[in-house]
**Student:** 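Have a look at this one.
Lettering of chains follows the sequences in order, A, B, ..., and the numbering in each one begins at 1. Just so it is clear, the structure is predicted and the values come from calculations on it, not from any experiment.
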There are 2 protein chains.
Amino acid sequence: MTDTIDLLRQSGIQPTPQRIAVAEFILGSKTHPSADEVFVMVRQTCPTVSRATVYNTLNLLVEKGLIRQQVLREGTIIFDSHVAAHHHFVDEETGEIHDVPWDAVQVSGAEKLIGFEVHEFQVVMRGRLRAK
Amino acid sequence: MTDTIDLLRQSGIQPTPQRIAVAEFILGSKTHPSADEVFVMVRQTCPTVSRATVYNTLNLLVEKGLIRQQVLREGTIIFDSHVAAHHHFVDEETGEIHDVPWDAVQVSGAEKLIGFEVHEFQVVMRGRLRAK
DNA sequence: TATAATTTAAGACTAAGTCTAAAATCAGGC
DNA sequence: GCCTGATTTTAGACTTAGTCTTAAATTATA
């Protein structure tokens with residue numbers, strides 16, 4: 001909790017109970033929740049937080065670089081606490097998003113495209129989970 | 001026009017004036033329009049087509065494999081007449097989507113991920129257009 | 001304590017996508 | 001051509017994700 005407060009402060013974000021609750025949840029999450037999924041979860045620790053505040057807070061965390069937003073799931077933006085470059089796997093059946101380590105896939109040529117100044121890239125893979 | 005009718009029939013799609021208009025537009029498009037952008041454009045050739053019919057038709061074309069849908073732009077699904085594997089470049093400033101030829105980028109390892117059965121993949125690049 | 005600035009809450013609003021029910025159209029048989 | 005059943009279209013209603021608005025609450029500062 002104190003770590004989260006310090007982190008918010010260091011990022012120029014005024015810590016409030018609502019913001020702390022949202023940050024604790026999303027920064028501790030290994031999944032890729034939508035804003036409304038965050039809202040549902042955060043209401044458990046902060047029952048009076050409003051939906052608009054959750055959206056506002058998530059967008060602020062993105063703006064300050066603490067989390068990333070991704071366009072990977074149909075119908076909604078998802079949020080990702082893993083800010084370092086990595087790839088994604090999208091489960092076609094469930095829509096669930098999985099992180100793929102940056103080094104698991106090798107990409108060359110992406111930053112040398114003619115006509116484009118590439119700032120970042122990722123490989124987006126689609127398929128299904130393998131039975132274990 | 002006759003080509004489009006034949007193509008629809010071969011795909012098991014009953015050709016109607018509305019469907020022909022939508023198919024002609026999207027199959028001839030080099031861009032990545034949203035459903036509502038298609039709606040606006042198709043209304044020029046088929047002024048009485050309804051918005052629901054445009055959505056229905058695009059989804060049917062996707063289902064039959066004539067076009068692809070992509071989750072690349074915030075806030076909306078885009079449609080892509082280029083069904084063969086290729087990559088995409090997303091212009092950070094405008095949100096515009098550009099095709100990148102499959103061979104322009106080399107990817108290895110994507111289909112050998114532990115735990116995942118990868119059916120398809122693409123590299124999604126973000127940045128800005130280079131001044132020409 | 002007072003004041004200004006910031007944040008929150010909750011409802012309203014917008015836009016993308018889908019649903020619904022009736023009307024229109026199409027396909028096939030006679 | 002007519003009839004009937006199936007399919008498609010229409011247009012408005014509806015749902016949901018994301019944003020806006022305004023007043024209240026909270027925080028920061030003097």
**Student:** Let me know the distance between CG of B:Leu58 and P of C:dT18, rounded to the nearest Å.
**Tutor:** 11 Å

**Student:** Restricting to non-hydrogen atoms, name the atom on B:Leu8 and the atom on B:Ala23 that form the minimum distance, rounded to 0.1 Å.
**Tutor:** CD2-CB, 4.1 Å

**Student:** Of the nucleotides D:dT10, D:dT8, C:dA9, which one has an atom closest to the side chain of B:Arg19?
**Tutor:** D:dT8

**Student:** Does this structure show an ion pair linking B:Arg128 with B:Glu96, if we count only N-O contacts that are shorter than 4.0 Å?
**Tutor:** no

**Student:** Do any side-chain nitrogens or oxygens of B:Thr53 fall under 4.0 Å of OP1 or OP2 in D:dT10?
**Tutor:** yes

**Student:** Hey, which of B:Val90, B:Val105, B:Val123 is the one that makes side-chain contact (heavy atoms from CB on, under 4.5 Å) with A:Phe121?
**Tutor:** B:Val123

**Student:** Within the 4.0 Å limit for protein heavy atoms, which parts of nucleotides 14-30 of chain D are touched? Write it as a string from 5' to 3', B for base, S for sugar-phosphate only, - for none.
**Tutor:** ---BBBB------SS--

**Student:** Going by salt bridge (charged side-chain N to carboxylate O under 4.0 Å, His left out), name the residues that satisfy it together with B:Asp36, two or more places apart in sequence or in a different chain.
**Tutor:** B:Arg51

**Student:** Where does the angle between the aromatic ring planes of B:His32 and B:His88 fall among parallel (under 30°), tilted (30 to 60°) and perpendicular (over 60°)?
**Tutor:** perpendicular

**Student:** Under 4.0 Å: is that the gap between some side-chain N or O of B:Gln18 and OP1 or OP2 of D:dT10?
**Tutor:** yes

**Student:** Please state how far atom CD1 in B:Ile20 lies from atom C1' in D:dT9, giving the value in whole angstrom units.
**Tutor:** 14 Å

**Student:** Measure from CZ on B:Arg43 to C1' on D:dA11 and round the result to the nearest Å.
**Tutor:** 10 Å

**Student:** B:Phe39 has an atom CZ; how far is it from atom P of D:dT9, in whole Å?
**Tutor:** 13 Å

**Student:** Could I get the full list of salt bridge (charged side-chain N to carboxylate O under 4.0 Å, His left out) partners for B:Arg9, not counting sequence neighbours?
**Tutor:** none

